Each structure stands twice: as C-alpha cells, then as structure tokens.
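Working notes for the structure below.
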Amino acid sequence: MGSRASSLLREEDIEEIKKETGFSHSQITRLYSRFHSLDKGENGALSREDFQRIPELAINPLGDRIINAFFPEGEDQANFRGFMRTLAHFRPVEDNEKNKDLTSGEPLNSRTNKLLFAFRLYDLDRDDKISRDELLQVLRMMVGVNISDEQLGSIADRTIQEADTNGDMCISFSEFIKVLEKVDVEQKMSIRFLH
Amino acid sequence: MESYLFPFDSLICMLLGISFTVWFTLLLVFIIVPAIFGVSFGIRRLYMKSLIKLFEWATLRMDNGETLKRSLPPTSYLQHHHNPPVSLEQEIHEMRRGGAEPEFDMSDIFYFCRRGVESIVDDEVTKRFTAEELESWNLLTRSNYNFHHISTRLTALWGVGVLIRYGFLLPLRVTLAFTGVGLLVVLTSIVGLFPNGRMKNYLSDKVHLMCYRICVRSLTAIITYHDSENKPKNGGICVANHTSPIDVIILASDGCYAMVGQVHGGLMGVIQRAMVKACPHIWFERSEVKDRHLVAKRLSDHVADTSKLPILIFPEGTCINNTSVMMFKKGSFEIGCTVYPVAIKYDPRFGDAFWNSSTFGMVNYLLHMMSSWAIVCSVWYLPPMSRMEGEDAVQFANRVKAAIARKGGLADLLWDGGLKRGKVKEVFKEEQQKLYSKVLVGSSEDRSRS
C-alpha cells in the first residue's frame, strides 16, 4: 500500500522535464504523486477513463476537449512526460524569471503557446483554421440544449465576421491572436502550482 | 537419544501449560471481566499516552523533521485562493474585454479550460477516497509514502514496532476477537430461547453490550464519548458519518441499537441470524433493498413501536476517509421521526481506520486494523433533530449533515459518496451549461432592449 511512487521517477527524467517545462524539482515530484494517484491501472500512463474519473472535470462542458489535449495524435495513453508538457502551458509567466536554464526557443507557457493551446481546443482537425462548424461544435458543448440552432448559428456567424480579416470565413491562428490581443491571457490561462 | 529428550519434553510441556494458563487468566481478569461489567482499568489510556510520547520523541530526535515531512505525500497541489469563490457569470464578465458587450467572446473558453486543468491537478473529491495524510510519522510503513532509509535509529525503532505489533498485539487481538464473536453468537441464541418480555430485553441488552465491549478491546479502541445525555432513545433513528465497518462496534458498545443491513451468507450470516433471535434487527434480502417503499415501510414500522431499539443508519452509503462528510441519502430522513445525529472522528496518528473497499477486502482490512497501534476516536452525541415545517427530506438531510460536520471538525461536501465507484450524474454538467447559456443569452436580451 505505501507506494514507492517517486522511486519510479529517476533523477535524469526530472532534470529533463525541468529543462523542457520549467517546473521546479519539488513541483515535478509533487505532480508525479498526483499523476500516480490518478493512474488507477498502475501502468505508468493515464487513459481517458482515468481523467473522467475526476468529477469536477466530468461536469466541465469542455471536459472531453481538455482531456484530448493531453493525448498526442491518435494515442490512447498519456505518459508522465506528456502530462507535464501539457500542464506546462499553464505555468504562470512570472515563474520564468526564476528558472533561467530553459532550452532556447519559446517556453511552453509563453503567451503565444497559451493561445495556441486554446486555439487547438477549437480546431479539432488541426488544419490551423477554425471553421464555422468547429466553432459551432464548441459552442454547442458549452451551452448544451439551452440555445436554439438558429441563435447559435447567428452567434457563430457574428464571431467569425468580427474576427475574420482575410475573408475566408475561417479564423486562422493569427486572426485569433489579433482578436484576443486585449485579453490578459497570461493571467487567465495560468494556474498557481504549489512550489 | 529419546530418553535424553524426555525430561526436557515434559519440562517444555509443563512450561507451555503454565504460560497458557497465566496468559488466559490475565486475559480474563484484565480484559473480559471488565468488559462484562463495563468498567475499565485505564490500561489502554496509559498505552495511548505513552505512544504519543514515543511518536513525539521520534519526531524530535530526528532533527530532520524536514526529512520526515518531505517523505509524506503532499496534501494539496495548488495554492489555495484566499478570495471568496466567484460565480461563473462574474468570472466570464471579468474576463471579457471592456467596451461593448459582445454576445460571445472567444476568450470564454479560457474559463472552462483553466477550471478543467485545475481539477486535473487537484480536486476535492478523489482525495476523500484515499487515506488521510499525517504530519508526523507514526512508525507504520503503510502511512509512510516514501519509505526509504532515513536513519538507522528510526528504522530500528520501526523494526521493534513491527515485532511488538505482529508478535504480541496481533495474536492477542485475534484471540479476543474470536472470543467476542463466539460469545455473541452463543449467548444471543440462548437469550433467544426466553419468552418475549422485559427479562429478555434486559438480557439481550446486556449480552450485546458485553460482546461489543470485548470486540472493542480486541481492536484496542480507545473511545471518548461526549455529550452522552443526547444518546438515542427508542423510536428514533441514529445517523452517523461512515468511515469503516468498525463504526458499528464503536457505537454499539455504548448503547443498544437495532442494526439495518443486507442479509449475508457465511460467518456474517450466522452472526446476523443469532443477533436477531435476541432482539429485533432489520435485515433485508438483496432483492428487497431495491424496493424503496418496502424499505421505508419496514423502517417506519420499527420506529413506531417504542419498545424497539433505535435504528442505526449510515446515510452516506459508503466509507469516506474521515476528512469530510459527503452527501446523505434522503431515505432515512423521509420517515418523519426524531433523528439523533452522531459524529465520529478518528485520530489518524494511531492507525488509519478508513476502509477503501475497492482496494482491500474485509479480511485484509481487519488484519491492518489489528496490527495498528490502536484505534483512537471521539464520538459526539448531538441533540436530536426533527424535520421542520416546510423543509423537505433533502434539506433536512443537509441540515443534519452540516451539524455532524461542524461537530466533528470535518469538511461538509455536497458531492455524493457514490462517486467512489460510480460516475457523476449528467445533470451537473447540464447545470454548468445552463449557467453559461444565461451569460450568452442574457446579454442578447439587453441588446434587444437598447
């Protein structure tokens, strides 16, 4: 019963994850114990069912899409590296000042990457465009049965109209960024992890 | 060769014989006789005090109180907000860009997204179904998350602890348990032969109490009862929070109750059949459990008869890890009689009483219980409550639950204990969707007015 969880996580792995994600050593071991407690099958990876067992996530209207974000294309298992990589998007941006030893290139929790994460929640087929259908799908997930098709359709049309600058009736990633330029993304898409 | 061994042989037999006799006499004098009369020598409390001193010493000596703390599992994964909880509407309005209020903003998903990931990192429910974490180690490996060699002294201490617990305490407790259960079955069957009447009830009470007290000693349970003037009376229902099957023994050793439960086979079935001979308990067949009207009727009939003992019910329906009280099922609150709430809080320093039935079976669990140091708990009898005018069963249940949580120092949760095994109901997701729709549609109503 007394689990030997953290002994399964080697120091080299922790160092690699630290470089890739920017989490501190204690944060990584802490989140590993959370990963382990969610992993009911004890096979070192999380399945979709493991996520759905969290009631607060199961009642979230976008729950399924969020769960999807943890699984790479076409795979059914999320290992700890992937788990941490996804969570890294939600690190607060201020924390970056404390860890300077990141690999070159943009940290996972930069504003752009946070926006990319949100963009991918809409863009299911990964064609880098949010079509009217994709927008409608997400809207429908968020409102359930409480709004009619026509009303929802007009909401979607209005949104695309406001955002679309190149007239292709879809929202590309740069248009997405433009639309949200005034929103405090760094704060809204950040979670205060314990140190 | 054989003649060589003979004298030793008889010597050994004699020694064994003497030690057994001494052993059983001690057992009888110090444990069984007090159990019969309901008095106590105070040995257990002395034991408990010495254990506390020992744990404190162990923690102090290890000046690496740091090392000890780091080897325990984390209690939470997120920094807790000190702001009051904000509703969905407020948060989304805050988030939107200023200026003209659009109906829908692409940034709305940030709210759901962040909430979702927060719940992946830490949620209120899944941690209620694993054992509570401790601040200082109590020398049991099962409560040490990360057992690695901290210091020789500590490991040696732990080793001695294992010897004492498995070599001395466990056999003692198992013997007592068998004695207690055996006596229960035999004596209740004997009492059952008496004709119904005051004599029979009196004897049945005495017999039940005595056997439960022996069982309490077999677990080395040190129980403190508070506010005994509020003890449940005939014609009422006693409700308590549920942490383990031992709750029954703890309550029943201080008062007489009518038990409710499903008919089991095997040893449990034997015990059940014997108990019901002495005084009326309510045992349901598996098929009857589904029929809510039948259940309600049998319960109401029982409480209506004031010569029968108060019913003992655990409305959570499943074992919770004693840090919180989860949703009470409303069935027992619909009956309309007086409810006597009882709060039970275990002290986790001595042994964790929580039964995670999805991980351990009953035998494994009892083995864990009997090889812990002790079971220390407090029982509070709360003043009786009845359903008020205009209050429905669910509100009444929540009121009782809040009172129990407050008294026992437990968190009061609205989540259903059934989430230990089952999925959450769709209706909660629909509520979230409805709230969000109001945000969308509400603003369009304002628009049409302008």
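Residue numbers start from 1 in every chain, and the chains themselves are labelled A, B, ... in the order their sequence lines are given, proteins ahead of strands. Computed over heavy atoms, backbone and side chain alike; hydrogens, waters and symmetry mates excluded. Keep in mind that what you see is a predicted model, and the values were worked out from it rather than measured.
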Whether the A:Asn68 and A:Arg48 side chains hold a donor-acceptor pair (N or O, under 3.5 Å, no angle test) is what I'd like checked. yes
Between A:Asn146 and B:Tyr436: side-chain donor-acceptor atoms closer than 3.5 Å: no
Given a strict heavy-atom distance threshold of 4.5 Å, which part of [X] is in contact with chain B: side chain, backbone, both, or neither?
X: A:Thr86; value: neither
X: A:Leu57; value: both
X: A:Arg65; value: neither

Looking only at A:Phe90, A:Phe35, A:Tyr122, A:Phe83, the option with the highest number of non-hydrogen pairs under 4.5 Å against chain B is A:Tyr122
Would you mind telling me which of A:Ile171, A:Thr159, A:Leu38 has the largest number of heavy-atom pairs within less than 4.5 Å of chain B? A:Thr159
What's the spacing between A:Lys18 NZ and A:Asp13 CG if we round to 0.5 Å? 13.5 Å
Parallel, tilted or perpendicular for A:Phe193 and A:Phe23, by the 30°/60° rule? perpendicular
Which ring pair (Phe, Tyr, Trp, His ring centres under 6.0 Å) pairs, counting each pair once, include a residue from residues 38-62 of chain A, with sequence neighbours left out? A:Phe51-A:Phe70, A:Phe51-A:Phe71
Donor-acceptor pair, distance only, cut-off 3.5 Å: does the side chain of B:Ser372 make one with the backbone of B:Ala374? no
Using the ring pair (Phe, Tyr, Trp, His ring centres under 6.0 Å) criterion, which residues pair with B:Tyr365? Sequence neighbours excluded. B:Trp355
Set of residues satisfying ring pair (Phe, Tyr, Trp, His ring centres under 6.0 Å) with respect to A:Phe119, sequence neighbours excluded: A:Phe173, A:Phe176
Just to be sure I understand the criterion: a residue of residues 132-139 of chain A counts if one of its heavy atoms is under 4.5 Å from a heavy atom of chain B. Which ones qualify? A:Leu135, A:Val138, A:Leu139
